[in-house]
Structure formats: C-alpha cells, structure tokens
Peer 1: 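I am attaching a structure below and will ask some questions about it afterwards.
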Amino acid sequence: MDSKQHLYLVDGSAYIFRAYHRLPPLTDPEGTPVGAVYGYTTMLWRLAEDLHKADGPTHLAVILDAGSKSFRNDIYEDYKANRPPPPEDLVPQFPLIRDATRAFSLPCIEEQGYEADDLIASYAREATRRGWDVTIVSSDKDLMQLVGKCAEPDDGIEGGCIDMLDTMKNQRIDIAEVIEKFGVPPEKVGDVLALMGDSVDNVPGVFGVGPKTATKLIQDYGDLESALAAAPSMKKSKLQERLIEQAEQARLSRVLVTLKEDCALPMPLDAFKLNSVPPEPLSVFLARHGFTSLLKRLDAGTGSPTPTTRLNPAKPVTAGANPQEGAARQPLPEMPAIDYDAYECVQTLAALEAWIARAANARLVAVDTETSMLDAMQADLCGVSLAIGPNQACYIPLGHGGSDMFAERPEQVPLEEAMALLKPLLESDAVLKVGQNIKYDLNVLARYGIELAPVDDTMIESFCLDAGRSIDGIGGGHGMDELSQRHLDHKPMAFKDVCGTGKKAIPFGEVLLPKATCYAAEDADVTWRLHALLDPRLSEEGGTRIYERVDRPLIPVVARMERHGIRVDREKLAGLSSQFAEAIGALEGEIHGLAGQAFTIGSPKQLGDILFDKLGYKGGRKGKSGQYSTDQSVLEKLAGEGAVVATKVLEWRQLSKLRSTYTEALQAAINPRTGRVHTSYSLVGAQTGRLSSTEPNLQNIPIRTEIGRQIRDCFVAEPGNVLLSADYSQIELRLAAHMADVPSLKEAFAHGEDIHARTAMEMFGTVDRDTRGRAKTINFAILYGISRWGLGGRLGVEADEAQAMIDRYFERFPGIQRYIHETLESVRERGYSETLFGRKTWFPRINSKNQAERQGSERAAINAPIQGTSADIIKRAMARMEPALAGAGLGHVKMLLQVHDELVFELPEADVAAASPVIERVMAGAAEPAVRLDVPLGVEIGFGPSWGAAH
DNA sequence: GGCCGAACGTA
DNA sequence: GTACGTTCGGCCC
C-alpha cells in the first residue's frame with residue numbers, strides 16, 4: 001500500500017522526430033515507411049518490460065500533440081509559424097504512433113489546444129502531489145524546466161520527484177545534467193530559453209543572444225527580469241542595446257516557453273496503471289508492419305509478461321473541444337442537460353459486451369448498484385448502472401421481476417453470466433471506477449465475488465473539499481441529490497418517486513425497466529459528472545493530500561471492517577434484557593407510588609409536570625418549548641436534596657436506555673446470514689474528519705458505569721480467539737500540547753506523567769482526588785473551546801471564578817492562548833480550519849453578527865484542528881495496519897471496530913504476543929513521516945475473551 | 001408515516 | 001464548552 005508509484009510520461013511526438021533522423025529508413029510489407037515507428041515500438045517494449053523493476057514504471061502514458069494550434073497561438077500568432085513541413089516519409093508514420101500505443105494497450109493522451117509538453121507538465125505535477133515519482137521520456141529541452149521538481153515530503157515516501165529519460169542515449173537527466181547543459185538549475189531554464197529563443201518553434205528571444213550569452217546573463221543577474229532591468233547600466237554594446245529594445249519580446253518569449261501545469265487532465269492518473277501487455281492486439285500490429293524479431297520475442301514469451309486481463313486496448317482520448325483561451329483556470333467541462341432518452345437498458349449479452357468494451361476504453365467509469373434493500377450486508381443485487389460520459393449511461397437489470405410465480409420476468413442477462421463479464425472490468429487496475437458512496441457498492445459486489453478496484457468516491461471528494469461548507473445552514477451535506485443540485489443545478493429523480501414510500505413501497509426489483517433505467521442510469525451519469533467537477537478541484541484547492549493519503553485509501557479498509565462484523569453473545573444480551581426489564585418494572589411501581597398516580601415516566605413533559613407542579617419541587621422552566629427540564633443534572637440536584645423519586649427516575653432512565661438502545665437493539669442487529677453484527681461507518685459523518693457509526697452505532701457502547709459495562713462483555717471473540725483493544729492515551733491533549741507548543745505539557749507527556757495531576761499541581765499547587773478531577777475538567781474545556789459559563793457550569797462555580805481559572809491556565813501553560821488566538825484569526829480570514837495533515841473544515845458562521853452563533857463556531861473552530869488531527873492519525877494507522885500485519889505474517893488478524901481513539905481486533909489468542917507490537921508500532925508512528933510530533937503517542941493494549949475484558 | 005426536541009450513550 | 005447516533009414521546013399531516 002505504501003509502495004512507491006512511478007509514472008512514466010512518454011513524449012510521443014518528440015520521440016518520433018528524433019527516431020526518424022537517427023534510424024535507417026525501413027518500410028513494412030505494404031510499403032509504408034516505418035523506421036521511426038519501429039524505434040518507438042522498441043522503446044515502448046523496453047519500458048513495459050521494466051515494470052516492477054527498481055525505478056521502472058508502475059504507470060505509463062503516451063502524450064501526443066493534438067494539432068498544430070495551441071493556446072500559445074492566441075498569445076503569439078506566429079508561434080511555430082515557420083516550422084518546416086515534416087519529411088514526406090515521416091508523415092504517414094504519425095498515425096502509426098497511435099496504432100502502436102494502442103497495440104500495447106497503453107493510454108494515449110492528446111488534447112486540442114494544448115501541446116504535449118503542457119499535458120506532461122500537468123500530469124507530472126498532479127502525480128508528484130500524490131507522492132509519485134515521475135520520469136518524462138523525452139529529450140526536449142523545454143521539459144528540462146521540470147527536472148528535479150518535487151512535491152513536499154509526506155507519508156512514508158520522500159515526496160514525488162521528476163526526472164527525465166532520454167531513451168535514444170539511454171541516459172537519465174537529473175538536476176546535475178540540466179546544470180551541465182544550461183549552466184543554470186531547472187527553474188532558471190525558462191529564463192535562458194526566453195533569451196536565446198527557438199528558431200524551430202519561432203520563439204523570438206533576443207536577437208543575437210544564443211545559448212552562451214543567455215546562460216551568462218542568467219548566471220550573472222539571477223533571472224530574466226533582473227537581467228532586463230540591469231541592461232541600462234551595462235556597458236555600452238550591441239547586446240545592451242538589444243536587451244533594452246527587445247525587452248518586451250523577451251518577456252513574450254518567457255511566457256511562450258512556460259509550461260502550463262494546470263491543464264484539465266483528460267484521463268485520471270489511476271487509469272495509467274501499467275499491467276502486463278496482452279499479446280493479442282500487439283501481435284497483430286507487429287506482424288502487420290513486419291517487426292518479425294519483436295514478434296518472435298513475443299511468441300517466446302520473453303518480451304512481455306504473461307497477460308492477466310483481456311480488456312480492450314486504450315483508445316486515444318481527445319477530450320471535449322475546449323480550446324484554452326490562455327486563462328489560468330481550467331475550463332469547466334461543458335455538459336449537456338440530463339437526457340433520460342439517451343440511457344440504454346442493457347438486456348442482451350451482446351449489448352453488455354459492447355458496454356464493457358466502451359467502459360474499458362474510457363478507462364474511467366461511474367458505477368452504481370441497485371439493490372433490494374439499504375443494508376449492504378443483506379442486499380441482493382437488482383442491477384448495475386454504468387456511465388462513461390454525460391448522457392452516456394446504461395442500466396443492466398439483473399434481478400428484476402419474477403418475485404412470485406405470476407410476476408413476469410423481463411428479458412435480462414443471467415446474473416452469473418453478467419457478473420463473469422463485468423468482473424474483469426470492475427477489478428481492472430487500468431479502469432478507474434467512480435461511485436457516490438462507493439463503499440456500499442464495494443460491499444454489495446463483494447458478496448458476488450467481485451473486488452471493486454481502483455475506486456474514486458465523489459461523496460468523499462466533496463467531503464475533502466467542502467466539509468462544513470453550507471449556505472445559510474442548509475445544503476452542507478455530501479449526498480448525491482444535494483451535490484447534484486449544488487454543482488449541476490439538477491434535481492435527480494427521487495428514490496421514493498420510483499419505489500414509493502412506507503407501506504406501499506416496492507423493492508427496486510419490482511420497478512418496471514424503463515423507469516428503473518432512468519433512475520439508475522441517471523445516478524451513474526450524475527456521479528460521472530460530479531467527478532468531472534470535483535476531482536480537478538482537489539488539486540486546485542489543496543485537497544489532494546488528505547483525499548489521496550488519508551481518506552481514499554481507507555475506503556476498502558473500512559469496507560472490510562464492516563464485512564467482518566463482530567460477534568455478540570445473544571443469550572447474554574437476552575439475559576441482561578430481561579434482568580433490566582424486571583428492574584424497570586419494579587422502579588415503575590415505586591415511581592408511580594411516590595407520584596401518587598400512573599404516568600409515562602419516559603415523557604419529560606409528564607415527568608416535569610409531576611415533579612414540579614404536583615409534587616412541588618423547586619426547579620425552573622427552560623427552553624423555548626416552555627417545558628420543565630428534567631435532564632440528568634436537574635434530577636441529580638433534586639436527588640441531592642432528598643427527593644427519592646428523582647433517584648428512582650434516574651435509575652429507571654439508565655436501565656431503559658440500556659435496554660432499548662443496546663440489549664434489545666443489538667440482538668435485532670445480528671445478521672442472520674453471518675451471525676455477527678455489522679455496523680456501517682460513514683466516512684463523511686463528522687465535519688472534523690472522524691468516522692461515524694450507524695445501524696447499529698457501535699461507537700457509543702457503554703463503558704463508564706458498571707452496569708453499562710456488562711454490555712461490552714456481550715461483544716465476544718469466536719472460540720479460540722480473543723478481542724484485542726488498542727487505544728491512544730490522551731491523544732487530543734497530546735496534540736494540543738504539540739499544536740499550541742506548550743513546553744510544560746510536552747515535557748509531562750515526554751516523561752509519561754499523569755497529565756491531569758500535573759495540571760492540578762500547576763493550577764492548585766496540590767494534587768488530590770478533587771483537584772485532579774477539576775484539572776481534568778479544565779483540560780477538556782480547553783479542547784472544546786473554553787467559555788467561562790461552560791466551565792463554571794461544569795465545575796459548579798460562578799463564571800467569574802471560572803474566568804479566573806482560565807486566566808491562570810493560560811498563565812501556567814503559555815501557548816494555549818496564542819493557539820486559540822491564531823486559530824481563530826486564521827479561520828476568520830480564510831473561512832476554514834486545518835489539521836496538521838491539511839484537512840479543512842469550513843466555518844461559514846465564524847463572522848456571524850449573531851453572538852451565540854459566532855461563539856458556537858469559534859468553539860468548534862478551536863476544537864476542529866485537534867479532533868481532526870486525531871482522526872487523521874488513526875485513519876493513517878488503519879490504512880497501514882493491514883499491510884503491516886500481513887508483512888508480519890499476521891494477515892489473519894482482523895480489524896473489526898474503530899471508536900475514534902481505539903481499534904478493536906480479533907485474533908487467535910496465540911498471536912497476541914506477535915500482533916501487539918505491530919499494532920502498537922503502526923499506531924504510535926501513524927503521524928510520521930508527514931508530521932513529526934513533539935510528543936510521543938501513547939498506545940495502550942489489552943485483550944480478553946470479550947470487549948469488556950480487553951479494557 | 002414523518003419530523004422534531006429532549007435525553008443520553010460514546011470519544 | 002467539541003464531535004456524533006438512537007430512542008422516545010409528542011405532534012404534525
């Protein structure tokens with residue numbers, strides 16, 4: 001998972017010119033000249049062979065010039081104007097470059113309005129941002145500007161770097177080579193090129209300035225502008241005159257030689273994944289052009305590794321005619337309105353095969369599954385929809401009709417046949433599958449033996465870009481309907497309009513095909529469109545790092561956790577349930593007796609009336625509902641004053657909560673097929689980046705009280721196994737100490753001290769149960785965005801006294817106040833907070849005129865970087881956990897649950913000793929190397945037959 | 001049947 | 001004071 005990706009970008013157009021001049025003229029059996037093509041073919045062969053070798057490509061694409069005009073012609077009409085026509089016997093070889101590339105099943109990219117150099121620069125930039133290394137296969141001097149460019153170091157890889165490979169001379173070009181050639185480092189090459197000009201491309205430069213003079217000028221003055229500025233003070237000469245006269249021409253040249261690094265990428269990087277080359281189309285090509293020696297090598301199996309997939313070869317992509325007008329921002333793809341009539345219902349084998357071929361060629365396909373129910377672990381497949389472009393979408397029904405003996409079953413490709421055909425596409429490394437909440441589809445398809453990969457998720461892309469962003473408090477979500485309305489200004493068909501709702505609801509498999517096709521294909525179409533809009537925004541807006549390094553790798557990991565589920569002891573739960581029921585019944589009788597009447601204890605409204613009106617206890621009205629508050633703190637107060645009924649109600653509430661939410665609900669949640677409980681995690685559930693858990697929520701299983709703890713004992717390992725729990729100790733306080741740079745806190749953590757005791761000593765000068773407890777409350781108050789009223793309420797003191805404690809805290813822990821101040825200043829200015837790993841959370845109400853609203857945002861904004869960084873860290877640990885365990889021969893150790901700072905595993909008891917240090921190491925080191933923390937991350941591990949026993 | 005607020009479980 | 005999800009009663013349509 002952490003292995004380094006290495007992208008090779010082949011400058012196809014430049015290569016063929018050089019090959020033409022260096023290789024002898026050859027012709028194929030049909031008499032077509034193919035010398036340059038032969039050179040190109042052998043080069044591709046060698047590159048493909050280097051797959052998996054050190055420094056060899058993991059991804060590869062060929063980039064071509066699409067036409068003679070580019071955006072540079074808009075800047076300078078005569079750009080490339082006096083280029084001589086190519087030699088007669090080279091012309092017919094140009095299209096053969098595409099044929100050759102296609103024969104190797106390699107992607108071939110060209111785009112109207114851009115030159116190959118610009119596309120190469122743009123792809124190189126995107127790849128290095130992801131931490132990939134990039135090798136540009138070319139010897140074009142313009143491209144040397146890119147050599148040595150690196151993305152910032154992060155995440156177990158030293159950051160992606162760019163070098164060049166001249167396959168003609170078989171020579172790597174690194175920074176040293178560039179300096180040797182130009183006398184200046186790569187970032188200054190553009191200045192040199194601008195001065196010297198280029199007669200072939202008709203870049204004017206400065207007349208009379210050649211490579212030598214240009215280099216000297218840049219060496220002496222630093223860059224072009226400085227050289228031009230210094231010209232008047234140079235000693236009188238022809239050179240000086242020309243520098244002054246032709247300054248504008250030089251500046252124009254500077255623009256012309258600058259590579260455009262932000263072109264829209266016609267195809268996603270993942271689609272460049274290099275696989276073994278299938279022999280089939282290649283052999284036809286080699287035979288046709290008489291490349292017999294290569295053909296022999298192919299037949300002997302020595303050249304390219306044996307094929308694994310049989311997908312159709314790539315086709316050159318000339319994406320949307322959108323000639324760039326020299327603008328900095330990439331154009332939004334122009335998309336036609338949704339057209340339901342354009343969607344196809346795929347009911348025959350032939351139609352299915354055609355769609356699979358189209359999708360394979362496109363190398364990017366939006367996928368959506370339709371199922372019989374919402375629960376992915378139990379849902380049966382009703383159909384699959386695919387989209388490869390706006391309005392280019394289909395629905396493949398697989399489980400429609402036939403639910404009873406009278407229901408007609410429409411014509412459909414048999415499920416198993418369809419799955420067998422779809423599997424290579426859905427699992428192909430070379431085809432990116434895009435989905436909205438694709439974890440769902442991953443889990444559904446897993447039951448049909450398909451491991452969907454690689455994937456992109458528009459919901460998570462939106463989350464990485466726009467978490468917390470909402471307009472007037474609405475529309476901040478990441479659901480498809482919401483995204484579609486926000487970004488596409490289109491309201492997709494609602495599920496309830498297709499299937500109905502409530503009692504009259506019908507399963508999707510009963511929906512008639514024309515309607516089902518509209519709904520399902522539209523979902524895939526909308527997903528495709530959203531991806532086209534959101535994916536480029538990631539790199540433009542700084543979301544790539546968190547998306548590629550943290551959230552995206554987590555999708556399959558969390559999907560597997562959900563599928564594993566966890567075993568619960570049904571009998572034990574049932575036992576607790578009836579035990580609770582009995583106690584609840586007894587309490588009910590007592591409470592009704594004390595109240596002097598029967599009433600619904602679970603109704604705060606009725607309870608409030610009984611307590612404060614009928615029984616006459618003192619307490620206040622609260623809230624806009626005009627209702628008495630009867631929450632825990634109110635009842636505890638009454639109980640402290642001797643109200644027995646309040647004590648009984650508190651007990652009743654605790655037991656009812658445990659019974660209804662846990663002992664009953666968990667039994668009902670056991671999956672009949674697996675016998676285990678499978679929660680569903682939301683990867684976009686919390687604005688801060690935390691996961692959330694639903695159906696059932698396994699992140700709020702009781703632990704604090706003895707009686708609640710019994711519920712944890714109901715989560716058990718299979719016989720022979722144990723549950724192992726590993727949790728970060730005080731991770732948020734540690735992060736606060738690091739992020740706010742608080743010396744005494746950092747020191748305390750470094751020495752493994754009891755942090756709350758240390759705080760008590762600093763604050764009160766003494767440590768006992770009371771002061772330690774108060775110190776703990778204050779520590780948490782800091783993390784949650786402190787207010788004098790909140791802290792006062794918690795500690796039972798007046799706001800003034802709480803403020804005095806806050807002041808003292810700031811004084812004793814310098815750094816905290818500054819952190820709060822700087823964080824808020826930055827959020828006010830930029831609108832978002834950021835974690836150490838670059839996750840943004842937006843706070844649109846941070847400058848609100850409404851004080852409560854504004855202060856609420858301020859508290860959340862203080863907390864978000866801390867909570868979010870903690871979430872980033874445990875996510876990184878999760879993504880690394882499986883490979884780390886597998887690498888230690890512990891691939892059978894299963895990660896089951898995540899509870900914000902805790903991971904729960906199931907493993908054979910005999911493996912605890914081996915697994916614990918691996919788990920500990922991965923978790924403790926999860927911030928590195930992207931972030932170097934000043935405090936150690938403590939990890940505590942326990943294990944036992946149950947979750948309760950593991951703590 | 002669907003929605004909201006109160007209450008309460010977790011980190 | 002932060003971040004969640006579920007249950008329940010009460011009320012709406």
Side-chain angles (χ1 to χ4, degrees), chain A residues 467-468 496 500-505 599-608 622-635 649-650 652-662 664-666 668-669 679-682 684-705 707-709 711-712 727-733 736 777-795 799 802 806 820 833 841 843 852 855-868 870-871 874 897-902:
Chain A
K496 65 176 196 306
T501 175
K503 268 196 165 145
K504 288 170 290 183
F599 68 101
T600 308
I601 304 169
S603 160
K605 184 171 159 18
Q606 292 183 36
L607 178 64
K622 250 202 331 201
K624 38 215 146 144
S625 56
Q627 242 184 68
Y628 290 113
S629 167
T630 65
D631 69 15
Q632 201 161 7
S633 66
V634 171
L635 295 183
V649 170
L650 283 169
W652 182 92
R653 281 215 180 133
Q654 184 190 19
L655 291 172
S656 319
K657 177 82 177 177
L658 295 180
R659 188 175 128 86
S660 65
T661 311
Y662 302 108
E664 287 297 308
L666 282 173
T679 185
S680 168
Y681 288 102
S682 169
V684 300
Q687 316 258 298
T688 52
R690 274 190 178 177
L691 305 188
S692 69
S693 157
T694 60
E695 292 182 311
N697 181 354
L698 295 186
Q699 289 181 322
N700 70 344
I701 302 301
I703 188 165
R704 287 174 184 174
T705 64
I707 187 153
R709 195 179 282 256
I711 292 166
R712 278 207 182 208
D727 65 281
Y728 285 112
S729 106
Q730 312 281 12
I731 186 168
E732 293 194 4
L733 267 179
T777 301
I778 298 168
N779 277 331
F780 279 105
I782 295 292
L783 299 180
Y784 295 156
I786 202 157
S787 90
R788 66 189 74 174
W789 300 280
L791 182 61
R794 262 306 163 98
L795 288 175
I806 295 168
I820 292 172
S833 70
T841 304
F843 295 92
Q855 288 176 340
S857 291
E858 288 175 354
R859 288 192 297 273
I862 291 166
N863 178 250
I866 300 170
Q867 187 184 120
S870 160
I874 197 166
L897 303 178
Q898 188 252 44
V899 193
H900 308 311
D901 65 0
E902 175 188 11

Peer 1: For the CZ atom of A:Arg794 and the OG1 atom of A:Thr777, what is their distance to the nearest 0.5 Å?
Peer 2: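 Taking CZ in A:Arg794 and OG1 in A:Thr777, the distance rounds to 7.0 Å.
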Peer 1: Just checking A:Glu732: base, sugar-phosphate only, or nothing, at a heavy-atom cut-off of under 4.0 Å?
Peer 2: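 Here A:Glu732 touches no strand at all.
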Peer 1: Looking at every strand, decide which applies to A:Ser870 at a 4.0 Å heavy-atom threshold: base, sugar-phosphate, or nothing.
Peer 2: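 No contact at all - A:Ser870 keeps every heavy atom at 4.0 Å or more from the nucleic acid.
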Peer 1: Please classify the nucleic acid contact of A:Ala871 as base, sugar-phosphate, or nothing, using heavy-atom distances under 4.0 Å.
Peer 2: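 Counting heavy atoms under 4.0 Å across all strands, no contact is made by A:Ala871.
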Peer 1: Would you indicate what A:Gln627 reaches in the nucleic acid, counting non-hydrogen atoms under 4.0 angstrom: base, sugar-phosphate, or nothing?
Peer 2: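 Counting heavy atoms under 4.0 Å across all strands, no contact is made by A:Gln627.
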Peer 1: About how many Å separate OG of A:Ser870 and CD of A:Gln730, when rounded to the nearest 0.5 Å?
Peer 2: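 That separation rounds to 11.5 Å.
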Peer 1: Residues two or more places apart in sequence or in another chain: which of them pass side-chain contact (heavy atoms from CB on, under 4.5 Å) with A:Glu695?
Peer 2: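 Residues passing side-chain contact (heavy atoms from CB on, under 4.5 Å) with A:Glu695: none at all.
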Peer 1: Going by atom types only, do A:Ser787 and A:Gln855 share a side-chain donor-acceptor pair under 3.5 Å?
Peer 2: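 There is no such pair between these side chains.
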Peer 1: Could you give the start and end, 5' to 3', of the contact zone on DNA chain B for chain A, using atoms under 4.0 Å from its heavy atoms?
Peer 2: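 Boundary nucleotides touching chain A, in 5' to 3' order, are B:dG1 to B:dA11.
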Peer 1: When rounded to the nearest 0.5 angstrom, what is the spacing between CD1 in A:Ile862 and OG in A:Ser833?
Peer 2: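 Taking CD1 in A:Ile862 and OG in A:Ser833, the distance rounds to 10.5 Å.
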Peer 1: So what does A:Thr841 touch, heavy atoms closer than 4.0 Å: a base, only the sugar-phosphate, or nothing?
Peer 2: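 Here A:Thr841 touches no strand at all.
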Peer 1: Applying a 4.0 Å non-hydrogen cut-off, can you work out what A:Ile703 is touching in the nucleic acid: base, sugar-phosphate, or nothing?
Peer 2: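 Contact class for A:Ile703: sugar-phosphate only.
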Peer 1: Are any non-hydrogen side-chain atoms of A:Ile778 and A:Leu795 less than 4.5 angstrom apart?
Peer 2: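 Counting from C-beta outward, A:Ile778 and A:Leu795 do come under 4.5 Å.
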Peer 1: What residues, two or more places apart in sequence or in another chain, satisfy side-chain contact (heavy atoms from CB on, under 4.5 Å) together with A:Ser656?
Peer 2: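 Testing A:Ser656 for side-chain contact (heavy atoms from CB on, under 4.5 Å), a comparison that skips the adjacent residues, returns A:Ile584, A:Trp652.
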Peer 1: Hey, does A:Ile701 reach any base, or is it just sugar-phosphate, or nothing, if we go heavy atoms under 4.0 Å?
Peer 2: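 Sugar-phosphate, backbone atoms only, no base.
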Peer 1: Identify whether any heavy atom of A:Glu902 sits under 4.0 Å from a base atom; if not, whether one sits that close to sugar-phosphate; answer base, sugar-phosphate or nothing.
Peer 2: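 No contact at all - A:Glu902 keeps every heavy atom at 4.0 Å or more from the nucleic acid.
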Peer 1: Name the nucleic acid region contacted by A:Arg794, choosing base, sugar-phosphate or nothing; use a 4.0 angstrom heavy-atom cut-off, strictly under.
Peer 2: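 Base, at least one base atom sits under 4.0 Å.
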Peer 1: First and last nucleotide of DNA chain C touching chain A, 5' to 3', heavy-atom cut-off 4.0 Å?
Peer 2: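 On DNA chain C, the outermost contacted nucleotides are C:dG1 to C:dC11.
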Peer 1: Can you list everything that forms a side-chain contact (heavy atoms from CB on, under 4.5 Å) with A:Ile703? Sequence neighbours excluded, please.
Peer 2: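 side-chain contact (heavy atoms from CB on, under 4.5 Å) list for A:Ile703, sorted by chain: A:Arg709, A:Arg712, A:His951.
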Peer 1: Select base, sugar-phosphate, or nothing to describe what A:Ser693 touches, counting heavy atoms under 4.0 Å on all strands.
Peer 2: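 Answer is sugar-phosphate: A:Ser693 comes under 4.0 Å of backbone atoms only.
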Peer 1: Across the strands shown, which category fits A:Ala781 at heavy-atom distances under 4.0 angstrom: base, sugar-phosphate, nothing?
Peer 2: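 The answer is base, as A:Ala781 lies within the cut-off (heavy atoms under 4.0 Å) of a base atom.
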Peer 1: For A:Thr501, report the nucleic acid contact type (base, sugar-phosphate, nothing); a contact means any heavy atom under 4.0 Å.
Peer 2: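 Result for A:Thr501 = sugar-phosphate.
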Peer 1: Listed by chain and number, what are the side-chain contact (heavy atoms from CB on, under 4.5 Å) partners of A:Ser629, not counting sequence neighbours?
Peer 2: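 Listed in chain order: A:Lys622, A:Asp631, A:Val634.
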Peer 1: Look at all strands and tell whether A:Gln687 reaches a base, only sugar-phosphate, or nothing, counting heavy atoms closer than 4.0 Å.
Peer 2: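 The answer is sugar-phosphate, as A:Gln687 gets under 4.0 Å only of primed atoms, P, OP1 or OP2.
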Peer 1: Would you classify A:Arg690 as touching base, sugar-phosphate or nothing, given that sugar-phosphate means primed atoms plus P, OP1 and OP2, and contacts are heavy atoms under 4.0 Å?
Peer 2: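 If one applies the 4.0 Å heavy-atom cut-off, A:Arg690 turns out to touch a base.
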